[in-house]
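See below for the structure under consideration.
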Amino acid sequence: MSHSYLMVAAQGKSLDWRISLAVAAIPALASIMAAAIAARSARRAKKSEIDAQHLRDLEARISEKKYDVYKPMINLLKDILNQRAMSEDEFKNLISEFSAWVTIFGSDEAVRAFHNFMQATYVPNTPPVILMKLYAEFVISARRDMGYPETAIAAKHFLGMRISDLYSHDELAKVDMSLADLCREVGWTPPWEQAPAS
């Protein structure tokens, strides 16, 4: 009897030891699992950081390319406003080269704005206020495209740097009207809205 009592007691102590070990192992296992999860999260965070840096590098290269694309056209338009003498061949070459590159690197908004501006220049007797409006819309869309998507400047902010009587000129003072309203005001129909002749 004492022998079996000792066996039960020994087994009880042995069982207590196992329970104590299991209880002590739970925090250790939890720590190991937490460390493994933290290491995995750190690797993911590092990969995300590398991916984000790669994306920033790509955006910087595209932004630099956009600057190279837009600069000659902005300078050409500046020269036209300054009434710099230019041969027709030089003008056509600059327009042609810009057209080729803006369709690849330009935003949809910039391509559309440039299209509208060029179409208006092809129409004889387009009112100057329309040309100024479309020119300003193109430059503002280029500004958005090159890194200022939230820009809030209007045509007057941009044109006011170059036109001294912008606010006192009867027609030019209306340059911030919507294009549709401005076209109605001056009685001009954009070529992209005209029905084809039958």
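- When atom types are taken as modelled, the side chain of His157 and the backbone of Ala154 share a donor-acceptor pair closer than 3.5 angstrom.
- Lys47 has its side chain out of reach of Arg44: every pair of non-hydrogen atoms, C-beta onward, lies at least 4.5 Å apart.
- Of all non-hydrogen atoms in Ala113 and Ser141, the two that sit nearest each other are CB-OG, 3.5 Å.
- Between the Asp145 side chain and the Ser107 main chain, a donor and an acceptor come within less than 3.5 Å of each other.
- In this structure the side chain of Ile130 reaches within 4.5 angstrom of the side chain of Cys183, judged on heavy atoms.
- Residues Arg143 and Thr151 have side chains that bring a donor and an acceptor to within less than 3.5 angstrom of each other.
- Atom CZ of Arg84 has more than 12 neighbouring heavy atoms from other residues, nucleotides or ligands inside a 6.0 Å radius.
- Residues meeting the ring-ring contact (aromatic ring centres under 6.0 Å, His included) test with Phe114, sequence neighbours left out: Phe98, Phe138.
- No continuous path of hydrophobic side-chain contacts links Val111 to Tyr148 [ILVMFWY only; heavy atoms under 4.5 Å].
- Atom-to-atom distance recorded for Asp165:CG and Asp170:CG is 10.0 Å, nearest 0.5 angstrom.
- For the pair Val123 and Trp188, the minimum side-chain heavy-atom distance is below 4.5 Å.
- Follow the hydrophobic side-chain contacts under 4.5 Å out from Ile163 and you never reach Ile153; the two are in separate clusters.
- Side chains of Ser178 and Asp181: a donor on one and an acceptor on the other come within 3.5 Å.
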**OP:** Give the C-alpha distance, both sets of side-chain angles, the deciding distance and a yes or no for ring pair (Phe, Tyr, Trp, His ring centres under 6.0 Å) between Tyr70 and Phe105.
**Re:** CA-CA 10 Å; Tyr70 284 113; Phe105 288 101; 9.8 Å; no
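- Two residues are said to be in side-chain contact when any heavy atoms from C-beta on lie closer than 4.5 Å; Leu94 and Met73 fail this criterion.
- Expressed to the nearest 0.5 Å, how far CZ of Arg162 lies from CE of Met132 amounts to 9.5 Å.
- Residue Ser164 holds its OG atom at 10.0 Å from CG of Leu172, rounded to the nearest 0.5 Å.
- At distances below 3.5 Å, not a single donor-acceptor pair connects side-chain atoms of Gln119 with backbone N or O atoms of Trp192.
- Leu179 has its side chain within reach of Leu134: a pair of non-hydrogen atoms, C-beta onward, lies under 4.5 Å apart.
- Minimum interatomic distance between Pro127 and Val186 (heavy atoms only, all atoms of both residues): CG-CG2, 4.0 Å.
- For CD of Glu90, the number of neighbouring non-hydrogen atoms (other residues, nucleotides, ligands) closer than 6.0 Å is greater than 12.
- A single hydrophobic cluster is seen to contain both Val102 and Met118, as judged by linkage of ILVMFWY side chains at heavy-atom distances under 4.5 Å, directly or through other members.
- Following chains of ILVMFWY side-chain contacts shorter than 4.5 Å, one can reach Tyr167 starting from Leu182, so the two form part of one hydrophobic cluster.
- Taking every heavy atom of both residues into account, Thr126 and Ala120 meet most closely at OG1-O, 2.7 Å.
- Within the model, atoms CG of Leu76 and CD of Glu97 stand 11.5 Å from one another, a figure rounded to the nearest 0.5 Å.
- Between Lys133 and Glu171, none of the side-chain N atoms (NZ, or NE/NH1/NH2) sits under 4.0 Å from a carboxylate O, so this pair counts as no salt bridge.
- The hydrophobic clustering, which links ILVMFWY residues whose side-chain heavy atoms are closer than 4.5 Å, places Met146 and Ile140 apart.
- Under a cut-off of 6.0 angstrom, the local environment of CD in Glu88 is sparse, with at most 12 non-hydrogen atoms contributed by other residues, nucleotides or ligands.
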